[in-house]
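Structure record follows, encoded as structure tokens.
Reminder, nothing fancy here: chain letters follow the sequence lines and each chain counts from 1.
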Protein chains: 2
Amino acid sequence: MTPADKPPPVDVGRRKRFDARRNQQTLLDAAAAVFVRAGVDAPVREIAAEAGVGMGTIYRHFPTRADLVVAVFRHQLDALADATTTTPAADETPYEALRSWVARFADFLVTKHGLAEALHSDQAGFERLHAEFVDRLLPVLDQLLKASAAAGRTRADIRAYDLMLAVGNLCIGAETFPDYQARRMIDLLLAGLAQDTPPPSGQ
Amino acid sequence: MTPADKPPPVDVGRRKRFDARRNQQTLLDAAAAVFVRAGVDAPVREIAAEAGVGMGTIYRHFPTRADLVVAVFRHQLDALADATTTTPAADETPYEALRSWVARFADFLVTKHGLAEALHSDQAGFERLHAEFVDRLLPVLDQLLKASAAAGRTRADIRAYDLMLAVGNLCIGAETFPDYQARRMIDLLLAGLAQDTPPPSGQ
DNA sequence: CTCATATACGGAACATCGCTCCGATTGGCA
DNA sequence: TGCCAATCGGAGCGATGTTCCGTATATGAG
């Protein structure tokens with residue numbers, strides 16, 4: 001093995017002690033379980049207890065609470081980010097694609113207790129969570145939005161960033177206040193986004 | 001004085017010691033000042049320090065943080081609640097009245113640092129804040145909404161409660177994330193609320 | 001197999017919250 | 001003036017996120 005064979009360009013975590021990698025996975029599983037039953041605001045101590053490790057172990061693997069949250073939901077984030085690639089535009093119009101993606105995004109946020117709230121919290125450390133979501137999902141939504149606008153189906157003067165935060169915001173309180181129908185309000189927002197004008201060039 | 005002369009039906013606070021009433025006002029002023037410069041999440045201790053009183057004094061007058069917040073903003077809440085009475089429908093259509101009230105509501109939330117966030121927080125004690133807002137403002141919004149729907153200008157299948165929480169939610173992050181244009185998204189929501197159908201009987 | 005050491009672990013400790021409690025203080029009345 | 005209940009002040013409690021450091025252990029060399 002020449003030294004150039006494996007010059008760690010990014011230390012992905014392969015070069016760690018065995019128990020370290022095992023504990024990292026244990027922590028992810030424990031955190032996922034606790035998040036489901038106690039929300040993403042669950043105390044760090046509770047996650048540590050669930051995983052059967054000490055506080056120090058958590059903070060070595062995930063420097064801040066937000067990092068742990070991001071790590072737990074990363075694969076679901078990936079799924080949302082791959083959406084366009086997976087279903088570019090088979091049998092649905094760009095507008096329908098936009099709608100269904102937003103619906104999946106909303107489902108994701110509503111399902112995870114307190115995720116939507118945390119996303120917009122100004123609590124120290126949670127900007128990371130916000131940034132992660134924006135980085136991963138904004139390009140996808142932007143593409144969907146532009147496609148729909150290009151088809152003349154939706155307004156072209158709405159920025160993906162605003163829409164993404166708005167949808168995220170509308171999900172807040174969906175479970176705290178059972179009477180609040182977040183999805184209905186998201187539909188209302190999307191209705192406002194739609195244009196009466198049929199495709200300008202197509203007709 | 002017959003015992004029936006002043007049987008405190010509701011002790012409005014007139015029957016208190018002088019220093020007590022003075023401190024209550026001092027606290028309201030101090031809290032208002034601190035809220036402006038540090039947001040509604042400012043530590044209670046900081047408000048106590050600003051007012052130059054001890055912790056006990058705060059909690060005697062306002063049993064919980066949320067009560068203090070409510071008290072500070074009560075007169076602004078009153079102004080929003082009186083809106084319809086003040087301006088029933090002079091020179092504007094019911095839809096315009098609805099739009100301008102929502103705009104004032106949004107301005108109120110955006111201006112106060114963190115108020116929108118606090119409104120939807122599931123933190124213990126903040127349900128009071130939520131309840132106060134709903135109790136005071138829901139009737140007003142409901143009336144505006146029904147009037148606009150009756151004029152055929154807006155959809156009739158949207159509940160005032162949902163709309164109120166939605167508008168409140170859309171205000172979240174307006175100052176935490178400077179790029180986010182909350183008012184634009186509120187306009188989008190209201191656009192979705194509007195109906196294409198012109199006033200069926202009026203025109 | 002033994003041992004040395006870098007690595008990872010555990011949990012006590014710290015700072016910061018909201019909120020409670022109780023002894024000290026003081027306003028208001030006879 | 002003097003009493004007493006109402007009020008005040010701030011130490012204290014429990015919870016939380018995060019840091020620190022002494023201890024335990026995985027792992028590669030001999």
- Task: Nearest whole angstrom, please: distance from the C1' of dC19(C) to the CZ of R128(B).
- Result: 16 Å
- Query: Roughly how many Å is it from CG in L68(B) to C1' in dC19(C), rounded to a whole number?
  - Reply: 14 Å
- Message: Could you tell me how far apart E46(A) (CD) and dG17(D) (C1') are, to the nearest whole angstrom?
- Response: 14 Å
Short N/O separations, protein against nucleotides 25-30 of chain C, under 3.5 angstrom:
from    : atom 1 : to     : atom 2 : distance (Å)
dT26(C) : O2     : R17(B) : NH1    : 3.4
dG27(C) : O4'    : R17(B) : NH2    : 3.4
dG28(C) : OP1    : F18(B) : N      : 2.9

- Message: Judged by each residue's nearest nucleotide on DNA chain C, which is more toward the 5′ side, A20(A) or D41(B)?
- Response: A20(A)
- Item | Atom-pair distance (CZ on F62(B); P on dG18(C)), nearest Å | 15 Å
- Does Q25(B) have any side chain to side chain donor-acceptor pair (under 3.5 Å) partners at least two apart in sequence or in another chain, and if so, which? D29(B)
- Message: So, OP1 or OP2 of dT20(C): does either fall under 4.0 Å of a side-chain N or O from Y59(B)?
- Response: no
Atom pairs under 3.5 Å, N or O on each side, protein against nucleotides 10-13 of chain C: can you list them with distances?
from    : atom 1 : to     : atom 2 : distance (Å)
dG10(C) : OP2    : G54(A) : N      : 3.0
dG10(C) : OP2    : T57(A) : OG1    : 2.8
dG11(C) : N7     : M55(A) : N      : 3.1
dG11(C) : N7     : G56(A) : N      : 3.4
dG11(C) : O6     : G56(A) : N      : 2.8
dA13(C) : N6     : R45(A) : NH2    : 3.1

- Does the side chain of F133(A) come within less than 4.5 Å of L115(A)'s, by heavy atoms? yes
- Query: Taking side chain as C-beta onward, heavy atoms only, is H113(B) less than 4.5 Å from F35(B)?
  - Reply: no
- Message: Contact between R159(B) and Q181(A) at the side-chain level, heavy atoms closer than 4.5 Å - yes or no?
- Response: yes
- Message: Looking at dT18(D), I'd like to know if its phosphate oxygens (OP1 or OP2) sit under 4.0 Å from a side-chain N or O belonging to T64(A).
- Response: yes
- Task: Describe the nucleic acid contact of A42(B) in one word from base, sugar-phosphate, nothing, applying a heavy-atom distance below 4.0 Å.
- Result: sugar-phosphate
- Task: In whole angstrom, give the distance that lies between atom CZ of R65(A) and atom P of dT18(D).
- Result: 7 Å
- Query: What's the verdict on side chain to side chain contact (heavy atoms under 4.5 Å, CB included) for R99(B) and D187(B), showing C-alpha distance, side-chain angles and the deciding distance?
  - Reply: CA-CA 9 Å; R99(B) 283 187 65 91; D187(B) 278 343; 3.2 Å; yes
- Query: Between N169(A) and H120(A), do the side chains contain an N or O donor and an N or O acceptor separated by less than 3.5 Å?
  - Reply: yes
- Spacing of F126(B) atom CZ relative to dG18(C) atom P, expressed in whole Å: 8 Å
- Message: Test of understanding: with salt bridge (Lys or Arg N to Asp or Glu O under 4.0 Å), list the residues that count as partners of D135(A), not counting sequence neighbours.
- Response: none
- Any side-chain N or O of H61(A) less than 4.0 Å from the OP1 or OP2 oxygen of dA8(C)? no
- Message: Suppose the criterion is side-chain hydrogen bond (donor to acceptor under 3.5 Å, both in side chains): which pairs have a residue in residues 34-51 of chain A, not counting sequence neighbours?
- Response: R37(A)-E50(A)
Would you mind writing out the side-chain donor-acceptor pairs for residues 65-73 of chain A within the sub-3.5 Å range, not counting sequence neighbours?
from   : atom 1 : to      : atom 2 : distance (Å)
R65(A) : NH1    : A42(A)  : O      : 2.7
R65(A) : NH2    : V40(A)  : O      : 2.1
D67(A) : OD1    : R128(A) : NE     : 3.1
D67(A) : OD1    : R128(A) : NH2    : 3.1
D67(A) : OD2    : T64(A)  : N      : 3.1

- Query: Expressed in angstrom and rounded to an integer, what is the separation of I47(B) atom CD1 from dG9(D) atom P?
  - Reply: 15 Å
